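When a ligand or atom number is given, it counts from 1 through the structure's own listing order. All figures in this text were calculated on a predicted structure; none of them were measured in a lab.
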Amino acid sequence: MPRIEWNSSLSVGVEVIDKQHMRLIDYINELYDAIHSSTTVNDKRHRIASVVNDAIDYTESHFGFEETMLEEAHYPYLKAHIRVHQLFVRRMLDYKKRLLKGEDIAQELLETLGRWLINHIKNEDKDYSKWLVDEGKKPEATENSGWLSKQLSRFFGSSS
Ligand SMILES: [Fe+2]
């Protein structure tokens, strides 16, 4: 699997979510780089562990933000969407555990992450974003801007 380039086929048409997906893709590419361009075994292990930790943190913030946004909008399929997120986080934590035990699963993790994210964006995320757009409930709408910045700092801190 090569590095992932973000392109417009991955856009869900909701800018704030696209930005977060770009950041998730950056993490996947950082994992790719850690696997492919680390200089020593130790360096590789440290880089992989650190990017996996950061990626899990960011993913949880992203899911939290997304779920809060969909709750606020009364998205009818929110429960199913949350379920998909929960299963994915559980899988990531499982990989992390195996990594900490010293198992060499970085490549498998990279492929799983890449496949899962692209598939999730193109299917479940595009389903809700189309609904948000059709209902006029995009979080960027001017009347929501106070809500949006409050939630961004809640989940991502001031730097978002
Ligand atoms: Fe999602």
Any side-chain heavy-atom pair of Tyr77 and Glu124 under 4.5 Å: no
CA sep, side-chain torsions, deciding dist, call: Thr68, Trp147, side chain to side chain contact (heavy atoms under 4.5 Å, CB included): CA-CA 11 Å; Thr68 303; Trp147 179 88; 4.0 Å; yes
Student check: side-chain heavy atoms of Phe88 and Leu93 closer than 4.5 Å: no
Non-hydrogen side-chain atoms of Ile25 and Leu10 separated by less than 4.5 Å: yes
Donor-acceptor pairs under 3.5 angstrom involving side-chain atoms of residues 2-9: please list them, not counting sequence neighbours.
{"residue": "Arg3", "atom": "NE", "partner": "Asp33", "partner atom": "OD1", "Å": "3.1"}
{"residue": "Arg3", "atom": "NH2", "partner": "Asp33", "partner atom": "OD2", "Å": "2.8"}
{"residue": "Asn7", "atom": "OD1", "partner": "Ser9", "partner atom": "N", "Å": "2.8"}
{"residue": "Asn7", "atom": "OD1", "partner": "Ser9", "partner atom": "OG", "Å": "2.6"}

Atoms of the protein (N/O/S only) found under 2.8 Å from the Fe ion (ligand 1): Glu66 OE1, His81 NE2, His85 NE2, His120 NE2, Asp125 OD1
pair Ile82-Phe63: side-chain heavy atoms closer than 4.5 Å: no
